[in-house]
Amino acid sequence: MSDVYAELTWRELIHQSTDDAGLPGWLAERPRTVYAGFDPTADSLHVGHLMAVNILRRFQRAGHRAIALLGGATGMIGDPSGRSQERNLLGEDELRANIAGMERQIRRLLEVDDSPRSALVLDNFDWMGRFGYLEFLRDVGKHFPVNVMLTKDSVKSRLERTDSGLSYTEFSYMLLQAYDFVYLNERHGCELQVGGSDQWGNITAGIDLARRLRGAQLYGMTCPLLTKSDGAKMGKTESGAVWLAPERTSPYQFYQYWINLDDADVGRCLRFFTDLDQAELEGVVAQHEQDPGQRGAQRRLAVELTRLVHGAEGLAAAQRATDVFFGAELGDLTDAQLTEIFADVPSSRLGRDRLAGEGLAVVDALCEAGLAKSKGEARRTITQGGAYVNNRRVESPDARLTPDDLAGRAALVLRTGKKRYAVLCFA
RNA sequence: GGGGGGUUUCCCGAGCGGUCAAAGGGGUCAGACUGUAAAUCUGAUGGCAACGCCUUCGCAGGUUCGAAUCCUGCACCCCCCA
């Protein structure tokens with residue numbers, strides 16, 4: 001059993017715990033069972049979830065037992081923590097699909113097998129779903145003083161807002177999560193809950209409940225929220241969250257997200273997410289500071305994470321695509337290569353006859369491909385030197401495309417700016 | 001119910017009856033620099049068959065040679081007094 005507390009500390013993954021002094025020894029004593037919860041709000045995890053999963057991984061590798069709890073029940077209610085507005089309730093079918101998707105990913109990231117130290121993936125609907133309302137009020141609700149509940153940040157901040165209320169349903173969320181902890185303790189010997197710092201209130205609610213209900217001493221630990229140096233949430237792009245599911249965020253896009261990370265954030269992310277040990281990590285960071293132009297830290301981060309999430313093959317595909325996107329002029333590629341590499345890029349089909357004769361005006365092509373909203377904009381972009389065909393700059397706004405411009409048998413690649421691509425297929 | 005203020009382009013915001021496709025800022029998009037970063041600088045920023053034409057200043061009418069600008073009605077928002 002390795003010292004997971006020390007590791008979490010140097011990785012700066014501990015934001016707050018219920019017992020800073022006692023936890024290291026407590027964890028060293030014997031294998032413990034630790035859990036983190038995930039509400040099934042979508043059918044895939046996103047980068048924001050990676051923190052908690054990653055912490056479970058570290059516990060597991062250090063010899064402890066990890067439980068990933070999917071909130072089939074709590075997900076029906078909606079956690080007000082970190083939320084400024086009341087949530088929309090999800091339907092049961094949607095929840096089930098979401099749980100299935102998230103469970104598949106968690107199973108890949110944690111070690112789940114038949115061994116006794118296997119991680120567990122549980123769904124709290126399995127026990128919460130059977131609870132009767134009266135029974136719950138008597139057995140659980142009785143132990144929650146409302147005045148204490150009202151002091152929790154998640155509740156307080158919502159009540160202070162005049163533009164959004166808080167329903168009784170969401171108000172009750174913390175009772176459910178608190179009960180989960182007690183249940184997992186009873187059934188699976190779980191004694192430690194981890195989560196993002198916004199989960200503190202819910203975690204301590206569980207600890208309080210366990211003490212009152214069973215006289216048990218449980219522990220809690222939170223990790224910092226994943227934010228960027230500019231305060232924005234990490235894992236968000238203009239087009240939305242960065243997902244782990246390749247159908248939602250392709251390996252290439254995933255890889256690029258990390259490659260593009262600000263210098264200011266890359267060190268933290270390496271510490272948070274990768275398995276590099278302290279010495280190696282410091283080496284990578286030092287080298288990066290010496291020669292930031294190499295983007296060594298970003299590259300390493302992107303490689304490690306893409307491999308973790310998408311496997312060696314996903315990583316290879318992402319790197320192939322990157323080489324082409326940021327490489328020189330596109331030569332002869334087969335359509336199969338084009339299709340694979342440009343899978344992430346919007347593509348349009350046009351009739352082959354459009355290339356015949358005079359050819360197709362580049363201006364029109366940019367519009368068709370969605371790279372320009374109007375011909376005026378397309379013309380402007382070209383004039384300013386920002387349009388490319390097969391990675392070669394278009395010189396004149398009157399330029400036209402003919403069959404000679406095809407990069408493959410039937411397709412060519414348009415680009416505006418540094419990295420907005422589109423493929424045109426001429427069938 | 002009474003009184004006052006407001007509604008402008010992606011957002012904020014200026015706008016004398018003509019010279020207004022509409023200042024300025026933000027954003028966005030290109031370019032330069034660089035490192036696929038940040039910062040900075042430059043340019044662009046309603047549409048189109050483009051020295052011209054068309055559409056746009058809450059909505060509908062009206063006055064006028066001419067309306068974002070004046071008048072009438074309507075809608076929505078804000079403030080003050082009840």
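Below, chain A is the first sequence line, B the second, and so on; all start at residue 1.
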Name the pairing partner of [N], where a pair is Watson-Crick or G-U wobble with both distances under 3.5 Å, or state none.
{"N": "B:G61", "value": "B:C71"}
{"N": "B:G66", "value": "none"}
{"N": "B:A44", "value": "B:U28"}

Rounded distance in Å - [atom1] ([X]) to [atom2] ([N]):
{"X": "A:Leu371", "N": "B:U28", "atom1": "CG", "atom2": "C1'", "result": "15 Å"}
{"X": "A:Leu366", "N": "B:C29", "atom1": "CG", "atom2": "P", "result": "16 Å"}
{"X": "A:Gln319", "N": "B:U36", "atom1": "CD", "atom2": "C1'", "result": "15 Å"}

**Q.** A:Phe325 and its ring pair (Phe, Tyr, Trp, His ring centres under 6.0 Å) partner, picked from A:Tyr388, A:Tyr255, A:Tyr421
**A.**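 Only one option passes, and that is A:Tyr421.
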**Q.** A:Thr33, A:Leu184, A:Ile67, A:Leu69 screened by side-chain contact (heavy atoms from CB on, under 4.5 Å) with A:Leu120, the one that passes
**A.** A:Ile67
(Q) Suppose you measure atom C1' in B:C33 against the same atom in B:C41; what distance do you get, rounded to whole Å? (A) 9 Å
Q: Could you work out the separation of B:U72 and B:U63 based on their P atoms and round it to a whole Å?
A: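 Taking atom P in both B:U72 and B:U63, they lie 15 Å apart.
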**Q.** Pair A:Gln105-A:His49, side-chain donor/acceptor within less than 3.5 Å
**A.** no
**Q.** Nucleic acid footprint by protein, nucleotides 44-57 of chain B - heavy-atom cut-off 4.0 Å, B for base, S for sugar-phosphate alone
**A.** SS-SSS--------
Q | Working for side chain to side chain donor-acceptor pair (under 3.5 Å), residues A:Asp263 and A:Gln298 | A | CA-CA 8 Å; A:Asp263 290 351; A:Gln298 279 93 339; 2.9 Å; yes
Q: Return the 5'-most residue of the pair A:Lys418, A:Gly385 with respect to RNA chain B, ranking by each residue's nearest nucleotide.
A: A:Gly385
Q: Would you please confirm or rule out a distance under 4.0 Å between OP1 or OP2 of B:A30 and any side-chain N or O of A:Tyr388?
A: no
